[in-house]
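Reviewing the structure listed below.
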Amino acid sequence: MSFKTVFTAGMLGVSLTMTAIPAAHSETLRVLEGSVSSALSVPMNRAVVVEADQPFAELSIANPGIADISTLSDRSIYVLGKAPGRTTLTLLGADGSLITNVDVQVTLDVAEFKERLQQILPGEKIEVRTANDGIVLSGTVSSTAKLDRALDLAERYAPNRVSNLMGVGGVQQVMLKVRFAEMQRSVSKQLSGSIGFFNPGGRFRAGAANNIAGVNNVLTGATVSTALTGAVGASFNIGGLEFGALLEALENKGMVRTLAEPNLSALSGQEAKFLAGGEVPIPVANTDNVITVEYKPFGVELAFTPRVVDGDTINLMINAAVSALDTTDVTTTNNITLPSFTREAETTVEMRDGQSIAIAGLLQDDFTDLNAQVPWLGDIPVLGALFRSADYRREQSELVIIVTPHLISPTRGEALALPTDRVRPPSEAEFFLLGKTAARGNQPQGAAGEVARQDFSGSYGYVME
């Protein structure tokens, strides 16, 4: 067989081998004088070419499951990465002597992942590395939303094998301003009538009375005692009987205005809590009838967890409450009176820096109308008012909770003012001679000074009709 035939057959075999192996961008690692210039890094499912400066007669791979080898010539080797890991490629000469050992490291192919990362998140400084059979992401991104996108994309290439070493740049501190506004109005009206008569000889006495003591005082001429605010009594004689009548009336009007504005700052992703109030002890009975004490907080409470999503978009988990001891709605257990607590809201919202949203609102209108009377007699026109008692009550309550988040950064201490900056304790001369209970303190400079110099001695507030 001629040399030309052998050479053609050999080249055909090499071509078939190359066709069976997946195509890849090859790198060349030169082996010079028994040493290797650097370790051999092979992407998975891609190949590199190793060239030696002297011919070799035999070669072997320590772990064929990690990398596969194919001979191109007596000086060139085709190395294909099969699975992530490290192994050793050994080259031997014709006399069996060792030419070199090549350290082969097969890693994940992240070239396509880097291209997709740049397409989806252009301009973000994200570094991609491989570690064993996983991907390591490092660098700085501009928001947590873009960080999540990068991690989601990396999971597509290395499921459950992604290490996140990235940081989030920009302003990541959030101040939450919460405003509680509540108006309570109540109106109650009561009208009660009492009537009685008796024989001056003391033989018999009768009557229909809501206020028995009061109508008796009318009949006897004593001072009228009444449980209500206004009372009118009259007595007269008809024949041998003396009649007495008593009308009592009461009208109550009330209005309560509650306003609280707690402000609280926290780092993105961290929870912050605020409580301005106190705690009330609540007795609790255990299974063995042993009474223990638990403390229930009340006052102005605020707990929130901010998360800067993207740019100035903020996700907020909020628990806001303004509670007070309600002595009108109590529970009595084992002669222990327990108060109730009101006004609380918990939710999750998302908004931009400086935007406001009402997270809770309540409009409540309670109406009670009660009429008690003596049967049949209370139905008599005009005179029936003396035989019945009417009670009318109406209570209205309106509550709104508004939240406003702000991205903030620290400032210089002199730019901030305290509520105590404008006043100081008076001296003895100012207190005894001038009658001052407080003296004007040192005024801060800048914007804080403008706030401190505000005067609240004029008209303020509003009128509700």
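Residue indices begin at 1 and follow the sequence shown.
Salt bridge annotation for Glu127-Arg129: present, with a cationic side-chain nitrogen under 4.0 angstrom from a carboxylate oxygen. Salt-bridge check for Asp103 with Arg86: passed, with a basic side-chain N closer than 4.0 Å to an acidic carboxylate O.
One distance of note links CD1 of Ile135 with CG of Leu151; it measures 11.0 Å at 0.5 Å rounding. For the atom pair NZ (Lys436) and CZ (Phe431), the distance works out to 13.5 Å, reported to the nearest 0.5 Å. The structure places NZ of Lys125 at 15.0 Å from CE of Met166, a figure rounded to the nearest 0.5 Å. For the atom pair Thr292 OG1 and Glu294 CD, the distance stands at 5.5 Å (nearest 0.5 Å). A distance of 8.0 Å separates CZ in Arg393 from OG1 in Thr368, rounded to the nearest 0.5 Å. Note that the OH atom of Tyr295 and the CD atom of Glu279 stand 8.0 Å from one another [nearest 0.5 Å].
Scanning both residues, Pro426 and Thr437, for their nearest heavy atoms gives CD-O, 3.4 Å. Here the closest heavy-atom approach between residue Lys177 and residue Asn263 is recorded as CG-OD1, 3.1 Å. Looking at every heavy atom in both residues, Ser268 comes nearest to Arg307 through OG-CA, 3.5 Å. Of all heavy-atom pairs between Val322 and Ala260, the closest is CG2-CB, 4.3 Å. Closest of all the heavy-atom pairs between Leu275 and Pro297 is CD2-CB, 4.0 Å. Heavy atoms only, all atoms of each residue included: Pro262 and Val300 are closest at CG-CG1, 3.6 Å.
No donor-acceptor pair closer than 3.5 Å links the side chain of Asn315 to the backbone N or O of Val309. A donor-acceptor contact shorter than 3.5 Å links the side chain of Glu430 to the backbone of Ser427. Looking at Thr87, its side chain does come within 3.5 Å of a backbone N or O of Asn63 through a donor-acceptor pair. The backbone N or O of Gln396 sits nowhere less than 3.5 Å from a side-chain atom of Gln184 that would complete a donor-acceptor pair.
Annotation: ring pair (Phe, Tyr, Trp, His ring centres under 6.0 Å) contacts of Phe180 (sequence neighbours excluded): none.
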Between side-chain atoms of residues 108-123 and protein atoms elsewhere (two or more places apart, or another chain), which donor-acceptor pairs fall under 3.5 Å?
from: Asp109; atom 1: OD1; to: Ala111; atom 2: N; distance (Å): 3.3
from: Asp109; atom 1: OD2; to: Arg46; atom 2: NE; distance (Å): 2.6

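Around atom CZ of Phe367, more than 12 heavy atoms belonging to other residues, nucleotides or ligands sit under 6.0 Å away.
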Next item on the list: Step by step, work out the salt bridge (Lys or Arg N to Asp or Glu O under 4.0 Å) result for Asp365 and Arg394.
Entry: CA-CA 7 Å; Asp365 191 350; Arg394 188 174 186 180; 2.8 Å; yes
Margin query: As a quick check of understanding, evaluate side chain to side chain contact (heavy atoms under 4.5 Å, CB included) for Val174 and Ser265, giving each step before the final call.
Written below: CA-CA 5 Å; Val174 180; Ser265 300; over 6 Å; no
Notebook entry, point to check: Between Thr404 and Arg179, does a side chain to side chain contact (heavy atoms under 4.5 Å, CB included) hold up when you go through it step by step?
Noted result: CA-CA 9 Å; Thr404 305; Arg179 288 176 288 172; 4.2 Å; yes
Note to self: Quick one, Asp148 with Lys146, criterion salt bridge (Lys or Arg N to Asp or Glu O under 4.0 Å). Give me CA distance, side-chain angles, the key distance, then yes/no.
What the structure shows: CA-CA 5 Å; Asp148 292 338; Lys146 294 181 178 179; over 6 Å; no
Next item on the list: Let me see the working for Leu176 and Leu302 under side chain to side chain contact (heavy atoms under 4.5 Å, CB included), right down to the final yes or no.
Entry: CA-CA 10 Å; Leu176 185 65; Leu302 176 60; 4.2 Å; yes
Notebook entry, point to check: Which is it for Asp312 and Arg352 under the salt bridge (Lys or Arg N to Asp or Glu O under 4.0 Å) test, yes or no, and what are the steps along the way?
Noted result: CA-CA 5 Å; Asp312 60 348; Arg352 295 188 179 275; 2.7 Å; yes
Check: Going through the distances and angles, do Ile66 and Val104 end up as a side chain to side chain contact (heavy atoms under 4.5 Å, CB included)?
Finding: CA-CA 9 Å; Ile66 295 178; Val104 179; 5.9 Å; no
Next item on the list: List the steps and the verdict of side-chain hydrogen bond (donor to acceptor under 3.5 Å, both in side chains) for Asp366 and Gln364.
Entry: CA-CA 7 Å; Asp366 296 332; Gln364 185 175 357; 3.1 Å; yes
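Counting heavy atoms from C-beta outward, Val79 and Val49 have side chains that stay 4.5 Å or more apart. Taking 4.5 Å as the limit, some side-chain heavy atom of Thr107 sits within range of a side-chain heavy atom of Ser41. Contact of the Asn252 side chain with the Val187 side chain is not registered, since no non-hydrogen atoms from C-beta on lie closer than 4.5 Å. Residues Ile359 and Val349 meet the side-chain proximity criterion, which asks for heavy atoms closer than 4.5 Å. You'll find the side chain of Leu40 reaches within 4.5 Å of the side chain of Val42, heavy atoms only. Between Thr348 and Ile318, every side-chain heavy-atom pair lies at or beyond the 4.5 Å cut-off. Put simply, the side chain of Met351 reaches to within 4.5 Å of the side chain of Val403, judged on heavy atoms. Taking the side chain as every heavy atom from C-beta outward, Met255 and Met183 approach each other to under 4.5 Å.
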